[in-house]
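Report on the following structure.
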Amino acid sequence: MTGKIRNALIIGGGVAGPVLAMALQKAGIDSVVYEAYAGTADGKGGGLSIAPNGMEALKVIDADEPVRALGKPMTGIVLQDWKGDRLGEFGNPPGIAPMLFMFRHEVYRALLDEAAKRGIRIETGKRLVDAVETTDGVTARFADGTEATGDILIGADGIRSVTRKLIDPNAPEPAYTGLISFGALIPQPGVPSTGGKMNMPFGKKGFFGYQVFDDDTAVWFVNLPNPEPLTLAQVKETPAEEWLRRLPPLYAEDRTPAADLIARTAPEELILVGPMEKMPRVPKWSRGRLVLVGDSVHAPSSSSGQGASLAIESAIELARCLRDLPYDEAFSAYEQTRRPRVERVIAATDRKNAAKAAGPVMRVINAWAIKAFARMAKPEKMAWVFQNRIDWDSPA
């Protein structure tokens with residue numbers, strides 16, 4: 001039997017890291033967040049959506065309002081073919097709030113600011129390279145030569161987690177989905193409001209998504225099939241101006257606003273998101289005094305709409321378990337609580353990516369796959385995804 005913890009080292013300042021720090025504080029446990037980027041992750045990444053279950057989880061730690069203020073409602077997702085014809089639509093079950101679209105770097109900033117307001121220490125430029133356990137604690141070693149010691153170390157360090165490899169050197173790496181992604185938020189798109197709905201046409205040569213808001217701005221994103229993986233650094237080797245020249249012709253045959261919206265995008269507005277990846281099933285969530293949370297252990301594809309929300313849920317559940325149990329028992333209880341849910345959600349929401357990648361080559365099969373997904377994603381069938389509630393007051 002090991003004792004309950006007093007403090008924790010949190011590796012990663014994305015979504016899960018600051019949420020976990022605030023939840024641990026609520027549980028009476030001190031923590032420090034160590035972020036690899038020198039100036040936090042501001043400006044990193046494209047858009048994301050926070051689902052109602054994610055917002056409900058944020059309410060547990062009274063952190064929902066700063067995030068809600070960033071969001072633009074997404075009341076539904078309309079699937080279309082290359083002609084713009086409607087193939088299906090899905091949204092949240094009746095009586096459940098819509099998903100909220102926002103930009104990843106804004107969410108990071110809001111959560112880190114909220115954590116800092118609560119007196120939580122956040123250190124930047126701290127890239128984890130190793131962790132050494134003793135009978136009394138664990139020491140994190142960073143690339144800049146500094147160290148930090150705590151009772152436990154929690155890896156909230158994303159899909160390319162260093163902590164995951166420290167826990168299990170044989171842990172799986174993220175899997176490339178066959179798609180690279182771009183996006184933008186543009187003013188005056190020249191297309192009428194989509195009425196709160198995200199349109200997703202599966203084009204002849206690539207997938208496109210867009211939503212036109214009532215304030216006459218629009219967000220668009222491209223998931224472009226690319227058989228050979230490209231790193232984000234490789235994508236950035238091509239200037240934004242060149243990508244904006246290459247992309248519109250790929251959508252020229254589609255009867256959708258794709259080519260026009262891309263053509264209206266200025267180079268400084270283009271977001272080079274890079275390869276779309278997801279995590280295979282991770283066999284080991286913890287070892288000794290180390291444990292994983294968020295994308296480091298259960299990252300769905302970025303098109304699932306649940307990555308951030310699942311990370312928020314898991315961070316709060318881990319804190320609840322650590323509040324009530326010695327760390328070894330807490331890690332076990334946390335995994336037993338979270339693994340079944342996250343794996344079920346990932347299985348239920350990841351089918352879209354196969355259709356996106358198949359589209360340009362197998363359009364007939366693709367249309368069938370999209371319709372099948374739309375049938376599967378009917379609100380009554382997906383209600384369980386959005387209706388998850390965390391009972392903070394119950395014992396772990």
Side-chain angles (χ1 to χ4, degrees), residues 1-13 15-35 57-63 111 114-116 118-123 126 128 130-141 147-157 161-164 166-168 282 284-294 296-298 310-342 388-396:
M1 171 74 76
T2 54
K4 292 184 180 180
I5 69 160
R6 298 156 299 170
N7 55 72
L9 311 177
I10 300 174
I11 308 301
V15 171
V19 169
L20 176 60
M22 289 185 278
L24 287 174
Q25 186 184 66
K26 183 178 176 73
I29 298 168
D30 293 330
S31 66
V32 179
V33 176
Y34 296 93
E35 166 58 46
L58 285 173
K59 280 185 181 179
V60 172
I61 56 170
D62 298 318
L111 290 172
E114 184 63 25
R118 301 181 188 195
I120 294 167
R121 199 167 102 227
I122 298 157
E123 295 200 14
K126 299 294 181 181
L128 183 71
D130 198 7
V132 179
E133 291 185 70
T134 68
T135 55
D136 298 324
V138 57
T139 297
R141 293 176 176 169
E147 296 182 349
T149 298
D151 291 336
I152 59 171
L153 183 149
I154 303 169
D157 45 350
S161 170
V162 173
T163 313
R164 186 172 64 243
L166 294 176
I167 288 173
D168 178 11
V282 175
K284 296 181 180 179
W285 285 31
S286 64
R287 176 184 61 79
R289 293 177 178 269
L290 278 63
V291 68
L292 300 170
V293 70
S296 67
V297 71
H298 54 62
L310 290 179
I312 293 165
E313 287 183 356
S314 288
I316 294 172
E317 289 285 21
L318 176 57
R320 187 174 69 91
C321 292
L322 288 166
R323 176 196 65 191
D324 296 340
L325 300 168
Y327 74 82
D328 52 350
E329 295 178 31
F331 292 171
S332 178
Y334 155 68
E335 181 175 350
Q336 290 175 18
T337 299
R338 293 301 297 162
R339 187 187 281 275
R341 172 166 168 79
V342 299
N388 187 56
R389 295 290 185 271
I390 295 173
D391 187 357
W392 177 264
D393 294 327
S394 69

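Numbers here simply count residues along the sequence, with the first being 1.
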[atom2] on [Y] to [atom1] on [X], rounded to 0.5 Å:
| X | Y | atom1 | atom2 | answer |
| --- | --- | --- | --- | --- |
| E329 | K4 | CD | NZ | 9.5 Å |
| D157 | R164 | CG | CZ | 8.0 Å |
| W392 | I61 | CH2 | CD1 | 8.5 Å |
| I10 | L318 | CD1 | CG | 9.0 Å |
| I11 | E35 | CD1 | CD | 10.0 Å |
| L322 | E317 | CG | CD | 11.5 Å |

**Message:** Tell me every residue that passes side chain to side chain donor-acceptor pair (under 3.5 Å) with R341, counting only those two or more places apart in sequence or in another chain.
**Reply:**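 Partners of R341 under the side chain to side chain donor-acceptor pair (under 3.5 Å) test: E313.
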**Request:** Test L24 against D30 for side-chain contact (heavy atoms from CB on, under 4.5 Å), laying out the working first.
**Result:** CA-CA 7 Å; L24 287 174; D30 293 330; over 6 Å; no
Which pair of heavy atoms, one from [X] and one from [Y], lies closest together, and at what distance?
| X | Y | result |
| --- | --- | --- |
| A156 | A16 | CB-CB, 4.1 Å |
| I122 | A115 | CD1-CB, 4.2 Å |
| R320 | D391 | CD-O, 3.5 Å |
| D130 | L166 | OD1-CD2, 3.7 Å |
| R287 | I167 | NE-O, 3.2 Å |
| A315 | L20 | O-CD1, 3.3 Å |

**Prompt:** Any donor and acceptor pair, going by atom type alone, linking the side chain of D324 with main-chain N or O of P395 inside 3.5 Å?
**Reply:**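 Pair absent, no side-chain N/O of D324 close to backbone of P395.
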**Item:** Main-chain N/O of A8 paired to D151 side chain as donor or acceptor, under 3.5 Å
**Value:**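 Such a contact is absent between D151 side chain and A8 backbone.
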**Pairing residues for S286 by the side chain to side chain contact (heavy atoms under 4.5 Å, CB included) criterion, not counting sequence neighbours** =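 S286 satisfies side chain to side chain contact (heavy atoms under 4.5 Å, CB included) with V291, F331 once adjacent residues are dropped.
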**Message:** Run the side chain to side chain contact (heavy atoms under 4.5 Å, CB included) test against V138 and tell me which residues pass, sequence neighbours left out.
**Reply:**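 Scan of V138 (side chain to side chain contact (heavy atoms under 4.5 Å, CB included), adjacent residues dropped) gives A131, E133, L153, R289, L290.
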**Message:** Are more than 12 heavy atoms, taken from residues, nucleotides or ligands other than K284, located less than 6.0 Å from that residue's NZ atom?
**Reply:**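 It does not: K284 NZ has 12 such atoms or fewer within range.
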**Asked** Does a sphere of radius 6.0 Å around CZ in R389 hold more than 12 heavy atoms from other residues, nucleotides or ligands, not counting ones at 6.0 Å or beyond?
**Response**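 Yes, enclosed.
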**Pair Y34-L9, side-chain contact (heavy atoms from CB on, under 4.5 Å): steps then yes or no** = CA-CA 7 Å; Y34 296 93; L9 311 177; 3.9 Å; yes
**Asked** Could you walk me through whether K126 and V32 pass the side-chain contact (heavy atoms from CB on, under 4.5 Å) check?
**Response** CA-CA 11 Å; K126 299 294 181 181; V32 179; over 6 Å; no
**Candidate pair S296 and T163, rule side-chain contact (heavy atoms from CB on, under 4.5 Å), full reasoning** = CA-CA 8 Å; S296 67; T163 313; over 6 Å; no
